[in-house]
Amino acid sequence: MLHCDHGDEMSEYHYTESGLRNIWLLSGYDVVETSYGPGIAIHDVAGLHRAIGEELAKKSRITGAELRFLRKEMDMSQRALGQLLGVTDQAVAKWEKTGRTPRTADRMIRLIYLEHIKGNVRIISTIERINDTDQDQYTRMTAEESDGRWRVAA
């Protein structure tokens with residue numbers, strides 16, 4: 001569904017695909033025809049998300065949706081971010097839902113994001129290590145029954 005500011009003419013696009021409700025694009029997109037009707041093609045989504053993230057990181061406090069946006073931009077699960085901050089994934093989920101993030105955690109998340117996009121090798125390797133550990137928990141396991149016994153392999 002296309003979100004226009006008025007009528008049929010598309011002068012602004014309400015970009016809700018980011019998970020944020022307050023992003024409007026003035027340019028950087030094309031209206032395209034698809035088999036489902038008109039659609040939007042965003043130019044350089046990664047660049048757009050980086051610009052949004054940098055602006056969010058400058059704020060004095062971020063909302064729950066903004067925290068989720070930054071976390072996802074770093075490709076982190078709630079569990080991984082919780083491990084990095086020393087809290088549970090339930091705490092991160094609560095912050096994202098309620099928008100009430102403790103001030104220290106709020107500042108740390110914004111700092112970690114900025115260092116991540118600057119290419120800070122230590123931050124990136126720490127995030128990758130935590131993400132790898134997080135993924136290990138969900139490694140595909142296969143179970144096979146043979147001769148009345150089950151065998152499970154990762």
For the residue pair [X] and [Y], establish whether any side-chain heavy-atom pair is separated by less than 4.5 Å.
| X | Y | result |
| --- | --- | --- |
| Thr104 | Leu85 | no |
| Ile23 | Leu25 | yes |
| Leu56 | Thr63 | no |

Verify the distance criterion only: is there a donor paired with an acceptor across the side chains of Asn120 and Glu115 at less than 3.5 Å?
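Result is yes, a qualifying pair exists.
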
Identify the two heavy atoms, one from [X] and one from [Y], that lie closest to each other, and give their separation to 0.1 Å.
| X | Y | result |
| --- | --- | --- |
| Ala41 | Val32 | CB-CG1, 4.1 Å |
| Arg71 | Met76 | NH1-O, 2.8 Å |
| Val152 | Ala143 | CG2-CB, 4.1 Å |
| Ile42 | Ile40 | CD1-CG2, 3.5 Å |
| Glu73 | Tyr113 | CB-CE1, 3.9 Å |
| His49 | Ser18 | NE2-CB, 4.3 Å |

Mind checking the [atom1]-[atom2] spacing from [X] to [Y]? Nearest 0.5 Å is all I need.
| X | Y | atom1 | atom2 | answer |
| --- | --- | --- | --- | --- |
| Glu96 | Leu70 | CD | CG | 10.0 Å |
| Arg50 | Glu55 | CZ | CD | 13.5 Å |
| Gln78 | Gln83 | CD | CD | 12.5 Å |
| Ile112 | Met74 | CD1 | CE | 6.0 Å |

Given the rule in the salt bridge (charged side-chain N to carboxylate O under 4.0 Å, His left out) test, do Lys58 and Glu54 qualify, once you have shown the distances and angles that lead to the verdict?
CA-CA 7 Å; Lys58 292 177 189 175; Glu54 287 174 343; over 6 Å; no

Consider only side-chain heavy atoms of I, L, V, M, F, W and Y, link residues closer than 4.5 Å, and tell whether Leu81 and Ile124 are in one cluster.
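The answer is no; the residues belong to distinct hydrophobic clusters.
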
Take Trp95 and Val87 through the side-chain contact (heavy atoms from CB on, under 4.5 Å) test and state the conclusion after the steps.
CA-CA 11 Å; Trp95 300 341; Val87 298; 3.8 Å; yes

Classify the ring geometry between His14 and Trp24 as parallel (under 30°), tilted (30 to 60°) or perpendicular (over 60°).
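Correct class here is parallel.
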
Apply the test side-chain contact (heavy atoms from CB on, under 4.5 Å) to residues Asp44 and Leu48: give CA-CA distance (whole Å), side-chain angles for both, the deciding distance (0.1 Å), then the verdict.
CA-CA 6 Å; Asp44 187 17; Leu48 171 62; over 6 Å; no

Taking it one step at a time, do Val92 and Leu67 satisfy side-chain contact (heavy atoms from CB on, under 4.5 Å)?
CA-CA 9 Å; Val92 175; Leu67 178 134; 4.3 Å; yes

Near [X] [atom1], under 6.0 Å, is it more than 12 heavy atoms from other residues, nucleotides or ligands?
| X | atom1 | answer |
| --- | --- | --- |
| Arg61 | CZ | yes |
| Glu145 | CD | yes |
| Arg68 | CZ | no |
| Asp75 | CG | no |

Checking Ile62 against Arg110 for the side-chain contact (heavy atoms from CB on, under 4.5 Å) test, could you report, in this order, the C-alpha distance in whole Å, the side-chain angles of both residues, the deciding distance, and whether it holds?
CA-CA 9 Å; Ile62 55 176; Arg110 290 182 289 118; 3.6 Å; yes

Taking salt bridge (Lys or Arg N to Asp or Glu O under 4.0 Å) as the test, write out the residues that go with Lys59, two or more places apart.
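Partners of Lys59 under the salt bridge (Lys or Arg N to Asp or Glu O under 4.0 Å) test: Glu66.
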
